[in-house]
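Since the model is a prediction, treat every value here as computed from it, not as a measurement. So that the names make sense, note that chain A is the first sequence line, chain B the second, and so on, each numbered from 1.
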Amino acid sequence: MEKGIVNTEIGSIIVYVKDNKAIKIEFKNEFLKEIELGIFTSQIKEYFEGKRKKLLFNVEINTGKTFKKIWDFVREIPYGQTMTYGQIAKILNVNPRVVGFAMSKNPLPIYIPCHRVVGKNDIHGFTGGRKWKEYLLNLESSQQY
DNA sequence: TCTAGCTAAACCC
DNA sequence: GGGTTTAGCTAGA
């Protein structure tokens with residue numbers, strides 16, 4: 001398994017790659033030494049510079065049918081827009097609780113833009129902390145044109 | 001304002 | 001295999 005690291009304004013992002021497929025993305029609240037790793041790190045870097053709106057590399061996800069359906073849908077949420085757990089649940093005909101659970105178990109944040117999914121009355125949680133979610137949402141809204 | 005019910009899959013015995 | 005847990009939401013009191 002290979003590892004790539006990209007630094008951002010508020011910390012580092014680690015991307016784990018196996019057989020040329022991303023299997024996990026992790027947020028760190030500390031700054032690590034950057035490690036280039038082909039398109040994986042270059043696309044993430046472009047995304048944080050606001051030049052790229054969608055990550056397009058191979059990933060490997062082994063999970064249940066419903067989770068996959070939810071993640072597929074979340075990937076279709078346009079750049080800079082947000083939806084609530086409830087809206088997604090209604091469209092996919094699942095329970096809102098399951099949507100939240102799927103997000104919490106999502107191994108590939110950013111690739112699956114779960115930061116664009118918020119609660120009805122609150123931002124709610126995010127892998128690695130709400131700080132990242134706010135940062136990502138702010139990044140996208142400032143890039144809208 | 002507060003409580004109960006819904007509901008899927010990872011995770012731990 | 002079974003019980004517990006989890007980034008929500010709605011309806012009824």
Interatomic distance, [X] [atom1] vs [N] [atom2] [rounded to whole Å]:
| X | N | atom1 | atom2 | value |
| --- | --- | --- | --- | --- |
| A:Asn121 | C:dC9 | CG | C1' | 9 Å |
| A:Asn106 | C:dA7 | CG | C1' | 11 Å |
| A:Met103 | B:dA10 | CE | P | 14 Å |
| A:Phe67 | C:dA7 | CZ | P | 12 Å |
| A:Phe101 | B:dA8 | CZ | P | 12 Å |
| A:Arg130 | C:dA7 | CZ | P | 10 Å |
| A:Asn95 | B:dA9 | CG | P | 12 Å |
| A:Ile70 | B:dA10 | CD1 | P | 11 Å |

Classify [X] by what it touches in the nucleic acid, base, sugar-phosphate, or nothing, heavy-atom distance under 4.0 Å.
| X | value |
| --- | --- |
| A:Thr127 | base |
| A:Ser104 | base |
| A:Lys65 | sugar-phosphate |

Do A:Arg97 and B:dT7 have a side chain to base donor-acceptor pair shorter than 3.5 Å? no
Check A:Lys3 with A:Glu26, please: is the shortest side-chain N to carboxylate O separation under 4.0 Å? no
A:Glu46/A:Lys51 ion pair, N-O < 4.0 Å: no
Could you let me know what C:dA11 is paired to, Watson-Crick or G-U wobble, both distances under 3.5 Å, or none if it's on its own? B:dT3
Say you pick atom [atom1] in [N] and the same atom in [M]; how far apart are they, in whole Å?
| N | M | atom1 | result |
| --- | --- | --- | --- |
| B:dA10 | C:dC9 | P | 22 Å |
| C:dG12 | B:dT7 | P | 16 Å |
| C:dT10 | B:dA9 | P | 22 Å |

Side-chain N or O of A:Lys69 versus OP1/OP2 of B:dA8: is the shortest distance under 4.0 Å? no
Does a nitrogen or oxygen in the side chain of A:Thr66 sit under 4.0 Å from OP1 or OP2 of B:dA9? yes
Go nucleotide by nucleotide along DNA chain B from the 5' end; which of A:Thr63 and A:Pro96 gets its closest nucleotide reached first? A:Pro96
Answer yes if the side chains of A:Tyr111 and A:Gln43 hold a donor-acceptor pair under 3.5 Å, and no otherwise. no
Just by distance, no angles: are the side chains of A:His115 and A:Glu134 close enough, under 3.5 Å, to form a donor-acceptor pair? no
Can a donor-acceptor pair be found, under 3.5 Å and without considering hydrogens, that links the side chain of A:Gln87 to the backbone of A:Thr84? yes
Which nucleotide in the set C:dA7, C:dC9, B:dA10 lies at the smallest distance from any side-chain heavy atom of A:Cys114? C:dA7
